Amino acid sequence: MDAVSADPIAERILAAIRAVPRGAVAGYGQIARRAGLPGRARLVARLLSGNDDPALPWHRILRSDGRIAFPAGSRGFREQVRRLRAEGVVVDKGRVRMPPATDGDLDAALWGPARD
DNA sequence: GCGGTGACTGACA
DNA sequence: CTGTCAGCCACCG
């Protein structure tokens, strides 16, 4: 039947990543959780490493600490920081401004654009 | 089946 | 604040 049959898992994860609004960022674990796959943060990372979708906002995905997942100075690192800044996201020393905590009203649990 | 590796996470010193 | 350790899942030789 369909020659193009992607795994529903990957589809969910990709959908969760695409669901991140511009100027906001999310963590691997959060994306995984949003995709219905708690504890599969590594799976999300693996998907991104093998992603071939240029329209995928992979640069909005960070570690749980709000840190860039790439080693500082790496190609992907600079590229990610560059894109984030281009969206108005404040990146300092390879780290994104972390909000104190959400009151819970933010169901998406996404880190909004940090404003000074 | 096993050990090593990775765009991870949380806990602890 | 940084660094280390163990747990975790998926892939590879």
Side-chain angles (χ1 to χ4, degrees):
Chain A
M1 318 294 331
D2 297 331
V4 281
S5 52
D7 294 287
I9 307 300
E11 285 289 309
R12 280 188 176 275
I13 296 175
L14 293 173
I17 296 172
R18 287 179 191 139
V20 179
R22 181 176 176 283
V25 293
Y28 291 90
Q30 281 194 266
I31 292 296
R33 178 146 89 157
R34 200 169 161 45
L37 306 163
R40 270 111 179 128
R42 297 192 93 147
L43 184 59
V44 177
R46 179 146 187 76
L47 241 62
L48 287 180
S49 69
N51 84 39
D52 47 359
D53 188 340
L56 189 73
W58 58 271
H59 55 272
R60 294 181 192 150
I61 312 304
L62 312 167
R63 288 179 61 165
S64 60
D65 314 3
R67 272 248 214 240
I68 303 291
F70 287 106
S74 275
R75 191 99 173 354
F77 178 90
R78 281 185 296 166
E79 185 65 26
Q80 187 163 12
V81 173
R82 189 178 153 86
R83 289 195 179 209
L84 287 172
R85 285 183 175 172
E87 295 190 349
V89 179
V90 180
V91 184
D92 181 42
K93 294 176 177 67
R95 183 176 53 177
V96 176
R97 302 286 272 147
M98 279 277 285
T102 54
D103 291 66
D105 59 342
L106 193 60
D107 187 86
L110 294 174
W111 296 320
R115 61 172 86 229
D116 277 34

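All values reported here derive from a predicted model rather than from experimental measurement. Throughout, a chain's letter reflects where its sequence line sits, starting with A, and its residues are numbered from 1.
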So L37(A) and V44(A), side chain to side chain contact (heavy atoms under 4.5 Å, CB included) or not? Walk me through it.
CA-CA 9 Å; L37(A) 306 163; V44(A) 177; over 6 Å; no
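Among the candidates E87(A), Q80(A), E79(A), the single residue satisfying the side-chain hydrogen bond (donor to acceptor under 3.5 Å, both in side chains) test with H59(A) is E87(A).
Within 3.5 Å, no donor on the side chain of R63(A) pairs with an acceptor on the base of dC8(B), nor the reverse.
Taking atom CD of Q80(A) as the reference point, atom C1' of dA7(B) lies 8 Å away to the nearest angstrom. As rounded to whole Å, 14 Å separates atom C1' of dA7(B) from atom CG of L14(A). Regarding N51(A), its CG atom lies at a distance of 18 Å from the P atom of dG6(B), rounded to whole Å. Taking atom CG on L47(A) and atom P on dC11(C), their separation rounds to 10 Å, with Å as the unit. As rounded to whole Å, 5 Å separates atom C1' of dG6(B) from atom CZ of R42(A). Rounded to a whole Å, the CG atom of D65(A) is 12 Å from the C1' atom of dT2(C). In this entry the distance linking CZ of F70(A) with P of dG6(B) reads 13 Å, nearest Å. Regarding W58(A), its CH2 atom lies at a distance of 18 Å from the P atom of dG6(B), rounded to whole Å.
Nucleic acid contact class of L43(A) (heavy atoms, under 4.0 Å, all strands): sugar-phosphate only. The residue R67(A) sits close only to the backbone: its heavy atoms come under 4.0 Å of sugar-phosphate atoms, none of a base. Within the 4.0 angstrom heavy-atom criterion, only backbone atoms of the sugar-phosphate kind lie near R46(A); the bases stay farther away. Using a 4.0 Å heavy-atom distance criterion, G29(A) is classed as a sugar-phosphate-only contact.
A close approach under 4.0 Å does occur between a side-chain nitrogen or oxygen of R95(A) and OP1 or OP2 of dC1(C). Contact check, S49(A) against dA7(B): no side-chain N or O comes under 4.0 Å of OP1 or OP2.
The distance from the CD1 atom of I61(A) to the CD1 atom of I17(A) is 4.5 Å, given to the nearest 0.5 Å. One distance of note links CG of D92(A) with CZ of R85(A); it measures 8.0 Å at 0.5 Å rounding.
Across the P atoms, dG7(C) and dA7(B) are found 22 Å apart, a figure rounded to whole Å.
dA7(B) is unpaired under the Watson-Crick or G-U wobble criterion, no partner having all donor-acceptor distances under 3.5 Å.
Ranking dA7(B), dA10(C), dT9(B) by closeness to the R40(A) side chain, first place goes to dA10(C). Closest to the S64(A) side chain, of the nucleotides dG10(B), dG6(B), dA10(C), is dG10(B).
Between the side chain of R67(A) and the backbone N or O of K93(A) there is at least one donor-acceptor pair closer than 3.5 Å.
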